[in-house]
Amino acid sequence: MSSEVRVRFAPSPTGYLHVGGARTALFNYLYAKNTGGKFILRIEDTDRARSTEESISAIFRSMKWLGLDWDEGPEVGGAYGPYFQTQRLGTYDEYAKKLLESGHAYYCFCSQEEIDRERKEMEDARASSQKYSGKCRNISLSEARERIAKGEKAAIRFKVPAKEIKFDDIVRGELSFDGNLIGDMVIVRSDGIPTYNYAVVIDDALMNITHVLRGDDHISNTPKQIVMYEALGFKTPRFGHISMILGPDGTRLSKRHGATSVEEYDKGGILPEALVNYLALLGWSPEGDREFFTKDELISEFSLSRVAKSPAVFDSTKLKWMNGSYIRKADDLAVAKMCAPYLIEAGLLKKEELESKLEWLAKVMKTAKTSFDTLVDAPAHVNLFFGEEYEVKKDDAEVAKYILDKQLTNKVIDFIISEIETFPEYNLAAVKGAIKKAQKTLGFSGHDVFMPLRVSLTGHSSGPGVYEMFDILGKERTIARLRGFASKYLS
RNA sequence: GCCCCCUUCGUCUAGCGGCCUAGGACAUCGCCCUUUCAAGGCGGCGGCGCGGGUCCGAAUCCCGCAGGGGGCGCCA
C-alpha cells in the first residue's frame, strides 16, 4: 500500500465546464502534481435526463485547453475504470445489497407524492428539520423483498446513525454535524440508478482516492458520505472544501453574471495560461508578492495550507489585465500567430497568405500588442495596417468633432504630404519631421492630426502608435491614406 | 424554520499575539515618459463588520450579535 496522493475531479456532464469547476479541477491537478500523485477524471452521469454527450466532449475540450491533463479517466484509461458512473451500475448494486443485508440500508416504498406532501407539511409546521420521516425504516428486508416481488417499486435509503459526525477538513479544520438532523437519504432510486451521495462514496473508495477537494457547497454532504464509508468498512479519504466563486453582486457565479464557461473565455480571446494563472490566485496565494506563474511554477509553489476559506468574487477586469500582460510579454511572432485566427475571421487576412505575411504581422504586433488585452480585440486595433487604400473602418461623429475642434484643414495635410515627399528617404524620422514642421509653421501638432485619423481608421481613440503605423505602411500607402482622409473629411 | 460555512481597501489577497502608522495586485485619481494613443515608471485615495472579553499588548485568541453564502432532493 503506497502513500501516493490520488485526487479526482468529478464533473457531471450537464453543461459546459464552469470557471468554478475549472478552479476546483486546477487545485486538484496542482496538488496531485505537487506531491507526485495522480489526477483522475471521472464523469458523474447518473442524472440521465440532464447528461449529454455534448457536455462530455465540451468538458474534455476545456480541460485540455487549460492543460489539465488527467492521469486516469476517460480516453486514457487506468486500473480503476470504468470512469463513467453509468458504466459502474453493477458495482453500485453489489454494495447496495451489502448495505441492505448488514442493516445499514432499507427499502423505502414512499411515493414521490407522499414525500412531497410530508415536506410541505413540515414546512407549514415550521418543523426544526425537514428531513425524511423514516417511515419505512422498520419494514423488514424479507417483507420488503416480497412486496418488490409483487411488483411494488422501491428506493433504497441509507439509515443515518444518530450520532455526532466529525471530520478534519483540510482547509477549514474540525467540522462537526449532528446525525439526528440528517434524514435517511436515498442511495438507489426506484429505477435502480444510484444517487450522487452514494455513487461518489463507492467510486472514491474503490478508486483509492486519498483526498477529496471540492467546492464548499458539498460540506453538508460530507457527513452523509462519511457514515457510508464507515458502514461499508472503507477507509475515509481526507476532505478539503474550497470556497465558492461569486459574481460581482456577491451571489454564486451564474450565467446571469456573464461569461462563466471556460469555453467562452477561449472564444473571447483569453489565453489558457492567463486563465490558469488568474484562477490559481482566486482562493490560493503564494508566498511573497509574485503574481505571474507558469504552470510548472504553480505546481511547485502550490500548497493546500495556503488555500483561502472565504469566497472570492470573480473579477473579469483583472483577468483581462492579466491576459493583456501575457500578450505583451509574449514575443511578437507568437502574438502574430495567436492573433491570426481572429484576423482571418475578421476578414483582414486570408488563410493562404498567413504564412508569407507572418513576419510582417509580427512587426505589426510589436507596435500593436500594447493596446489590446484580449485576442478578439486584436482586429479592431490592427485593422489600420491592412488594405491598400484609405478606408474608413468606422464612420464616427467623433472624427468630425476632432476636426472641428482643431480646425483641421486640407492645407495641413497637403503640407505634411509635401514635407514627406521632400525627404530623401522615407522613414519614421521623415514623418516626425513633417509633423514638427507643420506644428511650427501652421500650429498643428501630431495629436491634432493623428487623433481624427486614428479614430476614422479604427473607431478607437486608443490604439497602436500612428507614427509606427506609418513606419510599417511605407511612403506610398502613408500618403494614400492621408489623401484619402483629407478627401473624405476635409474637402 | 433548522443545520453548516464565511467576514482585512470597491475587487483578489498578505497577515497565523508585539516586525502593522496593516503589505502587494486590479480598478480609480495624479504626475513623468511621449509633439499621438497605449504600454511603462512614480505617487495619491482607499480596509481589519459590530459589541464584549483574555492579555503588558489583538487584524490575529474566546464569546455574543449582525451581514453574506451554502445545504436540508428518488439533482450533482
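As a basis for the values below, the full set of heavy atoms in this structure was taken, side chains included, without hydrogen atoms, waters or symmetry mates. Here is the naming used below: chain letters follow the sequence lines, and residue numbers restart at 1 for every chain.
Between the P atoms of G73(B) and C3(B), the separation comes to 15 Å (whole Å). Using atom P as the reference point in both A22(B) and A27(B), the two lie 24 Å apart (nearest Å). Nucleotides U54(B) and U60(B) are separated by 15 Å at their P atoms, to the nearest Å. C19(B) and A58(B) are spaced 11 Å apart, taking the P atom of each and rounding to whole Å.
In this structure, C2(B) and G71(B) make a Watson-Crick or G-U wobble pair, each of the two defining distances being under 3.5 angstrom. Taking a pair to require two hydrogen-bonding distances under 3.5 Å in either a Watson-Crick or a G-U wobble arrangement, C26(B) pairs with G10(B).
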Legend entry - Letter per nucleotide, 5' to 3', of nucleotides 41-51 of chain B [B base touched, S only sugar-phosphate touched, - untouched; heavy atoms, 4.0 Å]: -----------

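A salt bridge does not link Lys411(A) to Asp414(A): none of the charged nitrogens lies less than 4.0 Å from a carboxylate oxygen.
At a cut-off of 3.5 angstrom, counting only N and O atoms as typed in the model, there is no donor on one side facing an acceptor on the other between the side-chain of Lys318(A) and the base of A27(B). Judged by atom type and distance alone, Ser12(A) does not reach the base of A76(B) through any side-chain donor-acceptor pair under 3.5 Å. A donor and an acceptor atom sit less than 3.5 Å apart, one in the side chain of Ser190(A) and one in the base of C74(B).
For Val186(A), the side-chain atoms get nearest to C74(B) when compared with the rest of C74(B), C4(B), G69(B).
Side chain to side chain, Tyr265(A) and Asn323(A) fail the donor-acceptor criterion of an N or O pair below 3.5 Å.
In this structure, Thr195(A) and Asp178(A) both approach RNA chain B, and ranking their closest nucleotides by distance from the 5' end singles out Asp178(A).
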